[in-house]
2 protein chains.
Amino acid sequence: MRSTLALIARNVGVSSMTVSRILSGKGHLYRPETREKVLAEARRQQYRPNSFAKAIRARQFGTVALIAASDMEFGWISPGLQNGILAELNKNDTHLIINYLPLSRVTPGRPLPRLLREWSVDGLLLNHMSALTPEITALIREGGLPAIRCNVREDTDAVYPDDFGGAVAAVEILRKAGHKRIGYFTLHPPFAHFSYIDRYDGYVRAMTESGLTPQLFRAELKLSLAEQELAATEWLKRAGRPTAVVTPLSGDVSSVFAAAAKLGLRVPEDLSIITFDEDRLDHGHGRFDYMALPTEELGREAVRMLQEKIEQSNKLLPARCLPCTYRCGLSVGPPPITKRFNRRKLS
Amino acid sequence: MRSTLALIARNVGVSSMTVSRILSGKGHLYRPETREKVLAEARRQQYRPNSFAKAIRARQFGTVALIAASDMEFGWISPGLQNGILAELNKNDTHLIINYLPLSRVTPGRPLPRLLREWSVDGLLLNHMSALTPEITALIREGGLPAIRCNVREDTDAVYPDDFGGAVAAVEILRKAGHKRIGYFTLHPPFAHFSYIDRYDGYVRAMTESGLTPQLFRAELKLSLAEQELAATEWLKRAGRPTAVVTPLSGDVSSVFAAAAKLGLRVPEDLSIITFDEDRLDHGHGRFDYMALPTEELGREAVRMLQEKIEQSNKLLPARCLPCTYRCGLSVGPPPITKRFNRRKLS
DNA sequence: TTGAAAGCGTTACCAA
DNA sequence: TTGGTAACGCTTTCAA
């Protein structure tokens, strides 16, 4: 049976207010004798306060929700983002409820998840894996809950990584290493997202502003894996082929690497690679150079903004755009000696 | 201002019970006229029930917690596991609170997170990224909450993947492809975990039972990335070098692949690779063959078990061990023609 | 067809 | 130093 203040009070022979105060740190007001008896009985019963009852009294939930909004049937929340959010929330003993929300469910017909139908949290964090739709914007506004949007490039109430700047920085790193023929390599993206576009735009901008020519490889969706690899191989052995590539997704790396290996091109001696990724434990143990997305800081900042909104009755906040960080690996080096490289026959 | 039943009731001029019943689907008991008025006012006020108040009345939280227990300061929950858990919980409109729990915080001195100090959930899912400690076992038992442990090999109240069987299956796949010299390749693991050991044990068992000789490469922790790669290269060019490797972590793949590429060994023509991973969107777009961990099903099963425990007053449940699934990629093929391969000089 | 009262487990407030 | 009362927002139960 669950223990309550009333139960302890009855057993000890005091009022439940006495118990309440002693157990919530106001014990100095009481006689040591009373205090001891209450504490002992609470311990005996393994008393733990009911946080929902507290929340009702306090008129705030002490809870925030993180919703993964996407085009897909399931959600995806980056571990770094999640950790950043939790780290910041834990400072205030705030709970985090998570759920995913397929955007297809945000239409007049379909029922919303309980999280949005009922009143259960003080604020909302939305993680966007696809573009913002008018429906979801309306949903949030109508809900009246303070909300911060993560990973979506909006002017207000949003936090997102500087993907454009990350791509520019990647090109700069390769340029400083001596590369001029820098390609952009990507298979098909698993979902549509602003960052995927911004990375390419950043690449093109950095290239043209340096007077270099962008060269893009983009595998078509309908091709099989083997066909994609073949196409990649063709692209890598063209005359004027790149000595370095930027890829927007870490999943692209093994493809370009495999294609290069098939041609006998070594990384980084013959081909340098920079990709995008979040900092994580299993990222090839640092084999590849990458632009690290500021996922953890994104989470922390989102929480700070949300807390500000909760305190200041949902006031509009300017968005924050956080920079990527270059992580050195083993996949970037100087370009090969040009003449020999160009003359080399690739089978 | 938040809307409540009482507020609507006052505005319409009925009792709050009337409002409560009409808004919770028992409207047919009332005159259409009353019903309409109440519904209109509720809509106007954007009424949403307070789920904490409901929970208090119902004497259950309608909420479950997922705690990521690990040796590290932060947590790691596999996206598949999380999705499986959410998918199953959403069937009953149950909320999921997540948090991480560094095992160092489970000692008499340090304060526990609110989730464990207070009473906020009906049950607990524990995701273990390290071995179970006596402290955490005691903590859970004392807490008195129904709990299921994920990713830990225990006899009761647990769900975990069959890593041993997965490794056995991986060896079988390579054997059937014709390989006899099958190696085991791993850098240092990011954390200690039963699965890491079980995979190796499964590999050794499958090899010896087939009359083959295990050969292990394991990079030492203190080596730099470049030194690890050098060591891997040495291992791959020994006489009697493997024609296929099993690696327990997907992060190992790029290392063995890179080392092979340095030697001019192609995948899969000269070297086949099978790794372990969970099904995910960005897994090299299917480049590598892997044994897929049943993470999503693990989550679903954990929730089903937990719900059973919650209903049946925390009764002990036998553990469940779920099989891995082979996912075909482009990294497994027949072994190279032996004589030529053996004679070939690798620089 | 509708309502009043009681209670879920807390805590703020006022009184003793 | 201690206790009674009321209230947070909801639903069950009983009564009209």
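Residue numbers begin at 1 in each chain, while the letters A, B, ... track the order of the sequences.
- Whole-Å rounding puts the B/R57 CZ to D/dC10 P distance at 13 Å.
- Side-chain N/O atoms of A/R59 include one lying less than 4.0 angstrom from OP1 or OP2 on D/dG9.
- Among residue pairs with one or both ends in residues 40-60 of chain B, those qualifying as ring pair (Phe, Tyr, Trp, His ring centres under 6.0 Å) are A/F52-B/F52, A/F61-B/F52; sequence neighbours excluded.
- Pairs of residues two or more places apart, or lying in two chains, never qualify as salt bridge (Lys or Arg N to Asp or Glu O under 4.0 Å) while including a residue from residues 123-139 of chain B.
- Going from atom CZ of B/F61 over to atom P of C/dC8 covers 14 Å, rounded to whole Å.
- Sorted by first and then second residue, the salt bridge (Lys or Arg N to Asp or Glu O under 4.0 Å) pairs involving residues 122-131 of chain A (not counting sequence neighbours) form an empty list.
- Taking B/R21 as the reference, B/Y30 meet the side chain to side chain donor-acceptor pair (under 3.5 Å) condition, with sequence neighbours excluded.
- A donor and an acceptor atom, one from each side chain of A/E88 and A/Q307, are nowhere located under 3.5 Å apart.
- Contacts between residues 28-42 of chain B and DNA chain D, counted as heavy-atom distances below 4.0 Å, involve no residue at all.
- Every residue two or more places apart in sequence or in another chain that forms a salt bridge (Lys or Arg N to Asp or Glu O under 4.0 Å) with B/E33 is listed here: B/R31.
- For the salt bridge (Lys or Arg N to Asp or Glu O under 4.0 Å) test, residues two or more places apart in sequence or in another chain that qualify with B/E301 are B/R304, B/R320.
- The side chain of B/S15 lies closest to C/dA4, out of D/dG4, C/dA4, D/dC10.
- Rounded to whole angstrom, the span from the CZ atom of A/R2 across to the C1' atom of C/dT10 amounts to 15 Å.
- Within residues 17-26 of chain B, the residues that have a heavy atom under 4.0 Å from DNA chain C are, in order of number, B/M17, B/T18, B/R21.
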Report task. Applying salt bridge (charged side-chain N to carboxylate O under 4.0 Å, His left out), run through B/K37 and B/E41 and close with a yes or a no. Result -> CA-CA 6 Å; B/K37 273 193 295 187; B/E41 179 65 11; over 6 Å; no
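- Whole-Å rounding puts the B/K54 NZ to C/dG9 P distance at 19 Å.
- Distance CG (B/L5) to C1' (C/dT2): 15 Å, rounded to an integer number of Å.
- Of the candidates C/dC8, C/dG3, D/dC10, the closest approach to any side-chain atom of B/V14 belongs to C/dG3.
- In this structure, CG of B/L7 is placed 12 Å from C1' of D/dG9, rounded to the nearest angstrom.
- Checked against salt bridge (Lys or Arg N to Asp or Glu O under 4.0 Å), A/R153 has the following partners two or more places apart in sequence or in another chain: A/D198.
- B/Y47 has its OH atom 7 Å from the C1' atom of D/dG9, to the nearest Å.
- When the C1' atoms of four end pairs are superposed on the next four at each end of the helix from C/dT1-D/dA16 to C/dA16-D/dT1, using five pairs per end, the two resulting axes differ in direction by 50°, to 10°.
- Looking at residues two or more places apart in sequence or on another chain, you find a salt bridge (Lys or Arg N to Asp or Glu O under 4.0 Å) between B/R117 and A/D93.
- Here D/dC10 presents its P atom at 8 Å from CD1 of A/I56, a figure rounded to the nearest Å.
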Per-pair distances, 0.1 Å, donor-acceptor, side chain in residues 102-111 of chain B, under 3.5 Å, sequence neighbours excluded:
| residue | atom | partner | partner atom | Å |
| --- | --- | --- | --- | --- |
| B/T107 | OG1 | B/S104 | O | 3.2 |

